[in-house]
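Residue numbers begin at 1 in each chain, while the letters A, B, ... track the order of the sequences.
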Protein chains: 2
Amino acid sequence: MDYNKTSELLKALGNPVRLQILNGLISSHGCNVNTIVEQLRIPQSTASQHLGILKSRGILTHKKEGVKTCYKVSDKRIEKLLQMFSK
Amino acid sequence: MDYNKTSELLKALGNPVRLQILNGLISSHGCNVNTIVEQLRIPQSTASQHLGILKSRGILTHKKEGVKTCYKVSDKRIEKLLQMFSK
DNA sequence: TTGATATATTGTAATATTACGATATATCAA
DNA sequence: TTGATATATCGTAATATTACAATATATCAA
């Protein structure tokens, strides 16, 4: 087990805003940054920063669709993990 | 889902030293602080601090056995989680 | 072009986490 | 008692994370 890599992944998950983002993306099967900004009522730059962190850990992928960008959860384990710890 | 509580739990897991401690405790079915200190070659105060964090999140419990203290993983989900992400 | 929209990046102050030495406390044995 | 061992707590410097405004960039439509 690569403790550094695993801890980076878990550290990325250990933030309430990012958990909300992930939950939102999972339940809506992916969406753009603006939707997240509106749903969570956080500044756009904050959302973008958090998305960047999740992306850099391989938790999210994104796809440009014209002007918009669609993010979605690429790591299948995340959904299971969130279920395990949500309650 | 309580985002703050869940993120606190995951944040506690998002540290390489704490992951090692947990892995050690799981594989050896609990042990005292000194064993951890020796195995990980970290200062005693550092180990104690990390154990305190894991304890405060309900991940570990401890039992005093004379002079020594035996820590063990009390949250059954942790083992499953570590398996999921160890590779 | 220009303007509007969507997103990323940068700068920064506030806060949190980390590691670790020093010190405190608790237990047991002699 | 005293000393040895085991662990916790404190103090603190270094580093990391956070939130957010300001600004940059990219895309599309008119």
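- Looking only at side-chain heavy atoms (C-beta outward), A:Leu10 and B:Leu13 come within less than 4.5 Å of each other.
- Scanning atom types as modelled, no donor and acceptor separated by under 3.5 angstrom connect the side chain of B:Thr69 and the base of D:dA6.
- Partner assigned to D:dA29 is C:dT2, using Watson-Crick or G-U wobble distances below 3.5 angstrom.
- Residue-level contact check: B:Val33 touches the backbone only, with heavy atoms under 4.0 Å from sugar-phosphate atoms and none from bases.
- Each of B:Lys11 and A:Thr46 has a nearest nucleotide on DNA chain C; the 5'-most of these lies closest to A:Thr46.
- OP1 or OP2 of C:dA6 has not a single side-chain nitrogen or oxygen of A:Tyr71 nearer than 4.0 Å.
- Once rounded to the nearest 0.5 Å, the distance linking OG1 of A:Thr46 with CZ of A:Arg41 reads 15.0 Å.
- Under the Watson-Crick and G-U wobble criteria, each requiring two contacts below 3.5 Å, nucleotide C:dT9 is paired to D:dA22.
- Counting heavy atoms from C-beta outward, A:Leu51 and A:Ile36 have side chains that approach closer than 4.5 Å.
- For a distance-only test at 3.5 Å, the side chain of A:Gln44 fails to qualify as a donor-acceptor partner of the base of C:dA6.
- For the pair A:Lys68 and D:dC28, the criterion of a side-chain N or O lying under 4.0 Å from OP1 or OP2 is not met.
- For the pair A:Gly66 and A:Ile53, nearest-nucleotide mapping onto DNA chain D gives the more 5' position to A:Ile53.
- Side-chain atoms of A:Gln49 lie closest to C:dG11 of the nucleotides C:dG11, C:dG21, D:dG11.
- B:Asn15 has a side-chain polar atom (N or O) that falls below the 4.0 Å cut-off from OP1 or OP2 of C:dT18.
- To the nearest 0.5 Å, atoms CD1 (B:Ile42) and CD (B:Gln49) are separated by 10.0 Å.
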